[in-house]
Structure formats: C-alpha cells, structure tokens
Chemist: 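Below you will find the structure I want to go over with you.
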Amino acid sequence: IVKEESRPPAPEQRNPLAALQALAGQNLPKPRTSPGYLLSLLVVTLLCVAMPAIYLCFTAAIAAGWVWYLTHIHLHLPRSIHLIVLAYAVPGLAGAVLLLFLVRPIFARRSREGDALTIDASKEPGLVDGVRALCRAIGVSAPHEIHVTWDANASVHFRNGWRGLLTGRKVLTIGMSLVAGLNAQQFVGVLAHEFGHFAQRVGMTCSFIVNSVNA
C-alpha cells in the first residue's frame, strides 16, 4: 500500500486573514433575481408597512372621537353638576389612559447592541483589509465599522438605523464565540453569507423595513 504524500494546507486555509485577502482579485458572480421573487418581496413589505398605518389611523380615530366627546358632551347633558363631572371625569380619564397605551409602542426604544468592541483599523489592518477584499469580490461597499462581541453569531446591519439605510453605511459584527469554532474557510463563508444579503439592494431594503416595523 502506497501512502499518499500529505500536503500541507495552503496559507489561505490556515489563516483567516490570508483567506480573505486571497479574494481581492476575484469577482464572484452575482445570481439574477427573479421578477416573481421581487414582486412577492414588495407585496410583503407593503403589507407590513400597511399594518402600522392602519394602527395609526385606528389610534387617530379614537383620539378624534375622544376630543369630540369632551368638546360636545356638554350640549347633551342636563344642568346637574354631578352628572357633568361624572360625564367628563370617567370618559376623559379612560380615554387618556387608552390613548397613552396605544401611542406608547410607537415611541418604544429599540434594544441596544450588547458590549461590543470596535476594531481599530490602524491596529488590525489585516482584518480590515481582508473584509474589504471580500466586499470587493462580492461587489458591495465595505462596512463603515467592524464590531467584535462574545455572541455566537455574525451579522451586518445598517449603521444608525434609517439614516444608515439612506447613506448605505453598514456595521459588521463578529461573534468571537462563533469564530472560535470555525476554520478559515468556514469563517470566510460566514462573512460572505452576511455580505451576500447586501448584494441584493432591494431585498436588503425590504428586509430592513420589515424588521424595523416588527421591532
């Protein structure tokens, strides 16, 4: 039996940074998006936007009815101080509490990202250059910031919410617990998967709107 000579792994298979930088000169093909997929995505997005619009109209209708009641009920009440106080106090207080709880979700604050460390490009040029090389290969803009957390996850999101949607600035978050269990090829695949979402501008915009409404 002749044993095959074991070849050492290539540098890009041993080193995640080398694997990222190896993509600098490549141009990964972008699959076409079917019209049916885009149409379905737009329909779902419009329906998702319609839900809070209906909610706001419903709340505005209750507020209008509540104001109309407080400004017109005195025309239909007998001249009794007890009935007047009762007619104003109970519906007035109940309506105010109801409107308060209906409006409160609109101004609910989104949960902030946990303890994250922002990567300094001057201290980690290999990682930053590697991520930029991957973005050039995919055909998307590089992230404005790279964050590192302890989560077992990786994600890319728009920076500063709706403002980031307009400016196109993105933040890459890398979970060190996830990286610890991956080899270089798998790590590059995870990052490529995350940036692959942004290769579809329409899909990413619709996804951002839907997730924002759900949040």
Side-chain angles (χ1 to χ4, degrees), residues 9-24 26 28 30-31 37 41 44-45 48-49 51-52 104-215:
E12 59 269 16
Q13 294 179 345
R14 298 194 306 264
N15 188 349
L17 299 182
L20 286 171
Q21 294 170 355
L23 297 171
Q26 299 185 22
L28 302 179
K30 181 179 179 181
Y37 168 77
L41 192 60
V44 171
T45 304
C48 189
V49 173
M51 294 303 296
R104 183 176 178 272
I106 302 176
F107 301 97
R109 295 182 179 180
R110 299 191 62 176
S111 58
R112 295 183 177 181
E113 188 178 357
D115 296 335
L117 175 66
T118 302
I119 296 297
D120 189 349
S122 61
K123 296 181 179 180
E124 297 291 343
L127 176 61
V128 176
D129 292 341
V131 171
R132 291 175 179 174
L134 175 61
C135 292
R136 287 196 300 269
I138 297 177
V140 298
S141 59
H144 186 71
E145 293 179 354
I146 300 178
H147 295 173
V148 177
T149 65
W150 291 110
D151 299 331
N153 190 22
S155 63
V156 181
H157 61 274
F158 288 109
R159 186 172 182 265
N160 295 329
W162 291 94
R163 188 186 307 173
L165 177 62
L166 298 177
T167 60
R169 291 186 173 184
K170 302 180 288 290
V171 175
L172 168 64
T173 302
I174 302 175
M176 298 307 297
S177 299
L178 177 66
V179 177
L182 302 178
N183 56 35
Q185 185 177 9
Q186 294 170 340
F187 175 65
V188 174
V190 170
L191 296 184
H193 168 82
E194 297 300 331
F195 285 113
H197 294 302
F198 284 86
Q200 300 181 14
R201 182 68 180 181
V202 176
M204 197 63 207
T205 302
C206 294
S207 175
F208 174 80
I209 295 175
V210 171
N211 291 333
S212 298
V213 172
N214 291 337

Chemist: Atom OG of Ser155 and atom CG of Leu172: how far apart are they, to the nearest 0.5 Å?
Modeler: 7.5 Å

Chemist: Short question: side chain of Lys170, backbone of Ser141 - any donor-acceptor pair under 3.5 Å?
Modeler: yes

Chemist: Between Val140 and Cys135, is there a side-chain heavy-atom distance shorter than 4.5 Å?
Modeler: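 The answer is yes; the side chains approach within 4.5 Å.
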
Chemist: Take Val179 and Val190, measure what side chain to side chain contact (heavy atoms under 4.5 Å, CB included) needs, and give me the verdict at the end.
Modeler: CA-CA 9 Å; Val179 177; Val190 170; over 6 Å; no

Chemist: Has the side chain of Gln186 got a donor or acceptor atom that lies under 3.5 Å from a matching backbone atom of Asn183?
Modeler: yes

Chemist: So how far is it from Arg136 CZ to Asp129 CG, rounded to the nearest 0.5 Å?
Modeler: 8.0 Å

Chemist: Might you point out which heavy atoms bring Asn214 and Cys48 nearest each other, and give the distance in Å?
Modeler: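 In this case the closest contact between Asn214 and Cys48 is OD1-SG, 4.1 Å.
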
Chemist: How long is the gap from NE2 on His157 to CD on Glu194, to the nearest 0.5 Å?
Modeler: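 One gets 11.5 Å once the value is rounded to the nearest 0.5 Å.
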
Chemist: Measure the spacing between OG1 of Thr173 and CD1 of Ile146 and express it to the nearest 0.5 Å.
Modeler: 10.0 Å

Chemist: Over all heavy atoms of both residues, which pair between Cys206 and Leu41 is shortest? Give the atoms and the distance, please.
Modeler: CB-CG, 3.8 Å

Chemist: Could you tell me which non-hydrogen atom of Val156 sits nearest to which non-hydrogen atom of Met204, and how far apart they are?
Modeler: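 Reported closest heavy-atom pair: O-CE, 4.3 Å.
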
Chemist: Could you state the interatomic distance from CD1 (Ile119) to CG (Leu127), rounded to the nearest 0.5 Å?
Modeler: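 Reported to 0.5 Å precision, the distance equals 6.0 Å.
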
Chemist: To the nearest 0.5 Å, what is the distance between CG (Leu117) and CH2 (Trp150)?
Modeler: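 If I round to the nearest 0.5 Å, the distance is 9.5 Å.
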
Chemist: So which atom in Phe187 and which in Ile174 form the shortest heavy-atom distance, rounded to 0.1 Å?
Modeler: CE1-CG2, 4.0 Å

